[in-house]
Amino acid sequence: MAQQAERVGDVHEELRHRLESARLGGSEKNRQKIVDSGKLLVRRRLELLFDDGFDFEDGLLARHEEGLPADAVVTCVGKVDGRDVCVIANDYSVKAGTWGKRTFEKIVRMQEIADQIGAPIVYLFDSAGARIDEQFESYAGRRAWGNIFYNQVQFSGRVPQVCALFGPSPAGSAYVPALCDFTIMVRGHATAYLGSPRLAEMVTGEQVTLEEMGGAEMHCRVSGLGDCLVENDEEAIAAIRVWLSYLPSNWREKAPLTDPLPPAPGRAIRDIVPEQQSAVFDAHELIDAIVDQDSFFEYKALFAPELVTGLARLGGRPVGVVANQPASRGGVLFPDSSDKAARFIWICNAFNIPLLFLVDIAGYMIGSQVERQGIIRHGAKMLYAVAESRVPRIAVIVRKAYGGGYLAMSGSPMQPDAVLALPTAKPALMGPEAAVNGIHYNRIQAIEDPQERARFIADKRAEYEAGIDVFKIANENAVEAVVPTEQIRDELIRRFRIYSRRPRRAPERRNGVHPV
């Protein structure tokens with residue numbers, strides 16, 4: 001009996017030792033290198049993410065006998081603001097966080113658990129990619145690395161998927177952030193690319209730096225892959241928690257309500273929005289004057305800034321805000337801003353978040369350059385997303401609302417729950433400049449004296465603009481209401497409360513054919 005007890009004691013001690021060793025991750029040298037680079041170790045990131053540690057972790061002892069603790073990935077469940085969240089986190093201290101033959105099994109299993117229990121998936125990515133020396137066990141079969149991407153698509157719109165990039169995400173693994181709803185990138189550390197600078201030079205002869213090829217700032221400003229640029233790991237974790245706070249755990253639930261707050265102190269809307277249609281104002285200031293204080297969390301702030309998108313709260317209710325930005329390129333829609341809007345609208349529609357459109361738009365951009373870039377295709381994508389959405393949807397005409405841009409911003413023909421107009425609203429098929437040129441082109445060309453021509457154009461523009469009147473569209477019942485600026489916030493709160501009670505009925509079909 002004594003010998004048996006001793007063996008049992010040895011087994012328990014061996015288990016304790018192996019668990020402790022696996023939780024440490026890679027070698028002390030590797031861990032110290034990560035800390036010295038200004039990054040956090042994977043389990044410190046998890047401590048910051050969860051309210052109070054793990055509920056459980058899977059596969060901790062996977063490949064521990066081969067010197068690859070947990071096969072370089074932590075898969076676990078914990079609580080964020082009291083709600084269950086499934087997490088997949090690379091451990092860069094173990095073989096640079098690369099994917100091996102057990103890594104993908106663990107990732108796929110945690111994805112499946114998230115969908116089964118209806119919980120968000122958080123990917124904390126910091127990986128040098130897949131291991132070439134294990135490709136034959138992990139690449140070509142039906143159970144392989146590609147299962148990760150397959151699951152992301154299957155679970156898209158069912159549970160929220162959020163990715164934070166703390167380091168590299170090369171080649172195939174770069175599709176994980178691309179397939180998530182929201183991607184956070186740490187400046188100076190995060191990278192994503194299909195081919196490294198070294199590979200690009202071998203194949204194409206191009207010489208480019210890692211930051212230029214796939215750095216965080218490039219992706220957040222230029223490519224649009226990144227949705228939020230942060231300065232360090234702590235900010236990335238904080239951003240995850242804030243983003244999730246607006247969303248339900250899954251598509252069947254409603255977005256969580258909080259206690260209402262008044263707007264931030266500042267100028268009144270009447271002082272923010274100039275009556276002159278061409279005068280510039282900052283859409284951020286208008287948003288802050290409407291939504292609950294400090295509640296606006298911007299989506300793709302650095303990408304296509306002519307359109308402002310983000311999550312906020314109105315009277316404690318989460319809403320998605322889509323606002324034209326007169327301070328950037330006049331708030332005109334370009335291909336990138338159309339894509340940005342479409343993706344954001346799809347996210348809100350997937351997770352039951354009402355949509356608020358703040359409209360001050362001269363239309364889509366015109367010219368040969370944007371036509372070659374596919375402005376029609378991209379513009380159609382935004383129209384599609386707006387018309388397809390079934391969450392409560394309200395458009396507020398702030399000032400101008402011209403042409404197809406008015407439709408893209410959820411104008412009345414797109415069947416929103418309501419279109420409201422401020423007293424400064426001036427909707428029309430086109431603006432004074434284009435209208436006068438179209439109507440009076442021949443007469444303008446016939447006037448030889450430049451000064452006389454300029455006076456004629458100015459007079460006709462003033463005449464046309466004077467005829468654009470918010471009361472005319474109200475008289476024709478083209479808007480639900482013209483609302484005094486000081487009352488618009490309360491009107492929106494009341495309407496969203498009422499409209500949120502109606503059932504959502506999507507068109508009956510397998511799927512629409514989305515413009516690309």
Side-chain angles (χ1 to χ4, degrees), residues 111-112 114-121 146-162 175 178-182 224 246-255 299 307 309 311 318-322 333 335-357 359 364 374-395 403-419 480 495-496 498-516:
Q111 290 176 314
E112 292 169 347
D115 185 59
Q116 289 163 0
I117 68 173
I121 308 173
N147 294 159
I148 297 167
F149 315 129
Y150 177 84
N151 279 350
Q152 282 189 275
V153 174
Q154 303 313 306
F155 305 152
S156 178
R158 292 171 58 87
V159 295
Q161 299 187 67
V162 183
Y175 288 110
L179 290 169
C180 281
D181 309 323
F182 187 62
Y246 293 93
L247 303 177
S249 293
N250 59 72
W251 73 289
R252 295 185 182 278
E253 298 179 4
K254 291 185 176 182
Y299 171 83
L307 189 77
T309 54
L311 299 175
V319 295
V321 180
V322 180
L333 288 171
D336 281 347
S337 43
S338 299
D339 282 356
K340 171 180 173 177
R343 185 163 174 78
F344 180 70
I345 292 165
W346 280 323
I347 292 169
C348 292
N349 191 55
F351 296 112
N352 305 313
I353 298 175
L355 285 160
L356 170 62
F357 292 79
V359 186
Y364 287 101
I375 185 66
I376 298 171
R377 287 192 297 111
H378 295 279
K381 194 181 302 182
M382 183 175 177
L383 286 169
Y384 195 109
V386 170
E388 187 181 43
S389 65
R390 290 298 181 270
V391 293
R393 180 161 42 97
I394 299 176
Y406 168 62
L407 301 181
M409 291 295 291
S410 194
S412 290
M414 304 304 282
Q415 305 302 310
D417 291 273
V419 172
E480 273 60 44
R495 285 181 179 270
F496 275 126
I498 296 297
Y499 298 148
S500 292
R501 294 170 56 184
R502 66 166 172 76
R504 295 178 56 186
R505 295 188 178 91
E508 187 175 348
R509 60 189 179 192
R510 181 171 289 106
N511 66 266
V513 182
H514 295 69
V516 294

So, taking the atom named [atom1] in [X] and the one named [atom2] in [Y], what distance separates them when rounded to the nearest 0.5 Å?
X: Asp339; Y: Leu307; atom1: CG; atom2: CG; value: 11.5 Å
X: Leu407; Y: Met382; atom1: CG; atom2: CE; value: 10.5 Å
X: Leu383; Y: Met414; atom1: CG; atom2: CE; value: 5.0 Å
X: Ile148; Y: Leu179; atom1: CD1; atom2: CG; value: 11.0 Å
X: Leu333; Y: Lys340; atom1: CG; atom2: NZ; value: 10.5 Å
X: Arg343; Y: Trp346; atom1: CZ; atom2: CH2; value: 9.0 Å

Mark yes when over 12 heavy atoms from residues, nucleotides or ligands other than [X] sit less than 6.0 Å from its [atom1]; otherwise mark no.
X: Ile376; atom1: CD1; value: no
X: Arg502; atom1: CZ; value: yes
X: Phe149; atom1: CZ; value: yes

Hey, is the main chain of [Y] close enough, under 3.5 Å, to the side chain of [X] for a donor-acceptor pair?
X: Arg390; Y: Arg505; answer: yes
X: Asn250; Y: Val159; answer: no
X: Ser389; Y: Asn349; answer: no
X: Asp181; Y: Gln161; answer: yes
X: Tyr406; Y: Ser412; answer: yes
X: Ser500; Y: Phe496; answer: yes

Quiz item: What residues, two or more places apart in sequence or in another chain, satisfy side-chain contact (heavy atoms from CB on, under 4.5 Å) together with Asn352?
Solution: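 With sequence neighbours excluded, Asn352 shows a side-chain contact (heavy atoms from CB on, under 4.5 Å) to Arg504, given in chain and number order.
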
Practice problem: For Asn151, check side-chain contact (heavy atoms from CB on, under 4.5 Å) against everything at least two apart and list the hits. | Solution: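 Partners of Asn151 under the side-chain contact (heavy atoms from CB on, under 4.5 Å) test: Val108, Gln111, Glu112, Phe155.
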
Minimum heavy-atom distance between [X] and [Y], given as atom pair plus value:
X: Pro354; Y: Pro318; result: CD-O, 3.3 Å
X: Ala418; Y: Arg495; result: CB-NH1, 3.8 Å
X: Tyr364; Y: Gly379; result: OH-O, 3.0 Å
X: Val162; Y: Cys180; result: C-SG, 4.1 Å
X: Gly157; Y: Trp251; result: O-CB, 3.2 Å
X: Ala395; Y: Ser410; result: CB-O, 3.4 Å

Please examine the side chains of [Y] and [X], heavy atoms only from C-beta on, and report whether any two atoms are closer than 4.5 Å.
X: Cys348; Y: Leu311; answer: yes
X: Pro160; Y: Phe182; answer: no
X: Val386; Y: Arg393; answer: yes

Considering only distance and modelled atom types, tabulate donor-acceptor pairs under 3.5 Å from the side chains of residues 508-516, sequence neighbours left out.
{"residue": "Arg509", "atom": "NH2", "partner": "Glu388", "partner atom": "OE2", "Å": "3.4"}
{"residue": "His514", "atom": "ND1", "partner": "Gly512", "partner atom": "O", "Å": "3.4"}

Quiz prompt | Worked check of side-chain contact (heavy atoms from CB on, under 4.5 Å) between Phe344 and Val321 | solution = CA-CA 9 Å; Phe344 180 70; Val321 180; 5.8 Å; no

Self-check item: CA sep, side-chain torsions, deciding dist, call: Phe357, Ile345, side-chain contact (heavy atoms from CB on, under 4.5 Å)
Solution: CA-CA 11 Å; Phe357 292 79; Ile345 292 165; 4.0 Å; yes

